[in-house]
Amino acid sequence: MEKEKIEQLIKSLKKNRIEGIYFSSETDLINFVIDNLKPGITVGIGDSLTIEQLGLFDYLRQSSIRFLDKYQPDITKEERSQLYRDNFSADIFLSGINAITLEGKIFNLDGNGSRVAPIIYGPKRVFLVCGTNKIVQNDEEAISRIKNIAAPIDAKRLNKKTPCTKTGICLDCKSVDKICNYYTIIQGQFDKERIKVLLINGKYGF
Ligand code: SF4
């Protein structure tokens, strides 16, 4: 992606009191996160293929933090639900996003709300990791990206029985398996230090 567009996005985010930080390499982004993992702090995560691709889960598991790891083997449904609630009091919450507009608005879609809720409220700080493939022009393109790219792929990944897993595009279903239950748009925040967007050049997640 062109440098001008990334600069435009960072300026737009700043107007919304959100810091956007561009990393030219995965190593720089990973080091930024690691530098913030002070011993003893609690760190939660929302589902994110981007974070997985960057190998950040391994760093979180190896560091001397309390990691609210919902992917640990043999975790029960009740234990996972408790971790979701614990995320609200985390020192840092890490997540991906579904789209971000050049106007500085962050779009997310969620099935049960466990990812979008702590992004909005609870954790002291939130790092949203985003590949430049998720940068779009405006709200309309953001919704289109979610409906016609992100949600169908995610529904398929989660083995949901929804029409989009066959068509590859959203058919506005009313299925019990529907993952498109909560759309959120972040377009500002009171505490300008809380949410930061960590941008990385390239295709990450979907
Ligand atoms: S509303 Fe239904 S069909 Fe549309 S993307 Fe979501 S799950 Fe798929």
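Each ligand, and each atom within it, is numbered from 1 in the order the structure gives.
No donor-acceptor contact under 3.5 angstrom links the side chains of T50 and Q53, judged on distance only. D86 and Q82 form a side-chain donor-acceptor contact under 3.5 Å, judged by distance and modelled atom types alone.
Crowding of F57 atom CZ: a count of heavy atoms from other residues, nucleotides or ligands under 6.0 Å exceeding 12.
Using modelled atom types, one side-chain atom of Q72 and one backbone atom of D69 make a donor-acceptor pair closer than 3.5 Å.
Counting only protein atoms, the N, O or S atoms lying less than 2.8 Å from atom 8 (Fe) of ligand 1 are C164 SG, ordered by chain and residue number.
Shortest non-hydrogen contact noted between N36 and I92 is O-CD1, 3.5 Å.
For the pair F32 and I21, the minimum side-chain heavy-atom distance is below 4.5 Å.
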